[in-house]
Amino acid sequence: MGKRGMDIETAGRERFASGPALAPADLAKLQTWFSPAFPVGAFSYSHGLEWVIEAGQITNARHLEQWVEGLLRHGSGRSDLILLGAMWRAVRCGDWSAAGEITALAAALQPTRERRLESLGQGTAFVSAVAAVWPHPALVRFQRTFPGETALPVAVGLAAAAHGLPLEPVLVASLQAFTANLVSAGVRLVPLGQTDGLRVLAALEPVVLEVSQEARGCGLDDLGSACALADIASMCHETQYTRLFRS
């Protein structure tokens, strides 16, 4: 790639990183939704990480960074953003038939019982909390039309679209929250120091932006995962004798 091409690519990434300007109220809303204190129980899930650490496959900060980066680029991190974006577009267009299909697909894609519990438990709690505190007709319609459990990326896409939040910052915030939760679990389980955890988060910032940028241009046909070990870890976690996390 020539210098001009590299300059154009860099400029594009910088524009995506900055994203469209958010009104202060919308920024506050995003920060609240993805705060560790938001009542979805994210802190109680490790996404199979607990078993991986118990098996001795992650023993330091570098190992943790590599494992999480794999999930972001090739696993549930990327897939969830694609589902989030698809739901956001469907709700913004008022295509409730598509919204129902995306909701069913997101639930069906969960590879294990615990991963289904993780995504659908958090997603259902997310919709309930947002609907109770930031009510909107689109949320009411969704809950009445699709009364079952809801996967987390679907819930976030629904809420963001209903409240007119632009897609780009929502993608970044969602993936960053997923990353932070995994790193937090790793800090507690390995264990690692808080500074090491922050170093891992800092190292993964460019990955979060890159995957978010890619996912923005993807559709449902681009869904796919190459993280079989993470799925196996989740299966093994179901029978792990001593554990702190629900997945």
Side-chain angles (χ1 to χ4, degrees), residues 19-47 76-77 79-110 113-182 184-185 212 215 245-247:
L22 279 174
D26 290 338
L27 177 59
K29 193 179 281 97
L30 260 187
Q31 290 179 315
T32 300
W33 289 357
F34 293 111
S35 163
F38 201 67
V40 297
F43 62 88
S44 63
Y45 300 101
S46 81
H47 212 72
S76 51
S79 295
D80 279 0
L81 288 198
I82 294 173
L83 291 164
L84 191 164
M87 188 65 179
W88 184 90
R89 295 183 187 96
V91 175
R92 293 290 287 174
C93 294
D95 190 343
W96 292 101
S97 175
E101 293 175 2
I102 296 164
T103 300
L105 177 62
L109 286 176
Q110 304 306 317
R113 180 182 64 85
E114 286 193 352
R115 288 273 292 277
R116 182 181 176 90
L117 172 67
E118 178 179 332
S119 185
L120 272 64
Q122 290 186 78
T124 303
F126 190 96
V127 172
S128 296
V130 173
V133 181
W134 298 273
H136 189 280
L139 298 174
V140 174
R141 177 166 184 174
F142 179 85
Q143 290 178 307
R144 289 177 177 172
T145 308
F146 311 108
E149 294 180 304
T150 306
L152 183 58
V154 171
V156 174
L158 164 69
H163 286 282
L165 274 61
L167 181 59
E168 294 90 337
V170 175
L171 291 173
V172 174
S174 179
L175 194 60
Q176 178 63 24
F178 174 69
T179 303
N181 194 64
L182 289 177
S184 176
S212 299
F245 293 85
R246 301 182 71 189
S247 72

Between [Y] and [X], is there a side-chain heavy-atom distance shorter than 4.5 Å?
X: F142; Y: T150; result: yes
X: L30; Y: P169; result: yes
X: W33; Y: V156; result: no
X: P135; Y: V140; result: no

In Å, rounded to the nearest 0.5 Å, how long is the span from [atom1] of [X] to [atom2] of [Y]?
X: H47; Y: N181; atom1: NE2; atom2: CG; value: 10.0 Å
X: L165; Y: W88; atom1: CG; atom2: CH2; value: 9.5 Å
X: F245; Y: F43; atom1: CZ; atom2: CZ; value: 9.5 Å
X: F126; Y: F34; atom1: CZ; atom2: CZ; value: 5.0 Å
X: R141; Y: F146; atom1: CZ; atom2: CZ; value: 8.0 Å
X: Q110; Y: S76; atom1: CD; atom2: OG; value: 8.5 Å

Test your reading of the model: is there a side-chain donor-acceptor pair from [X] to the backbone of [Y], 3.5 Å cut-off?
X: T124; Y: L120; result: yes
X: T103; Y: A99; result: yes
X: D80; Y: L152; result: no
X: H136; Y: A138; result: yes

Do you know the tightest heavy-atom contact between [X] and [Y]?
X: Q143; Y: S128; value: NE2-CA, 4.3 Å
X: P39; Y: A125; value: O-CB, 3.8 Å
X: A155; Y: V127; value: CB-CG2, 3.4 Å
X: L182; Y: S46; value: CD2-O, 3.6 Å
X: L83; Y: I102; value: O-CG2, 4.1 Å
X: A159; Y: L139; value: CA-CD2, 4.1 Å

Legend entry - Worked verdict on L105 versus E101 for side-chain contact (heavy atoms from CB on, under 4.5 Å): CA-CA 6 Å; L105 177 62; E101 293 175 2; over 6 Å; no
Legend entry - Residue pair L117, S247: steps toward the side-chain contact (heavy atoms from CB on, under 4.5 Å) verdict: CA-CA 8 Å; L117 172 67; S247 72; over 6 Å; no
Inset, instruction - With side-chain contact (heavy atoms from CB on, under 4.5 Å) as the test, would you mind laying out the steps for S174 and L84 before giving the verdict? - result: CA-CA 9 Å; S174 179; L84 191 164; 3.7 Å; yes
Inset, instruction - Output, in order, the C-alpha distance, side-chain angles, deciding distance and verdict of side-chain contact (heavy atoms from CB on, under 4.5 Å) for R92 and L167. - result: CA-CA 11 Å; R92 293 290 287 174; L167 181 59; over 6 Å; no
Legend entry - Pairs touching residues 115-129 that satisfy salt bridge (charged side-chain N to carboxylate O under 4.0 Å, His left out), sequence neighbours left out: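 Residue pairs with at least one partner in residues 115-129: R115-D231.
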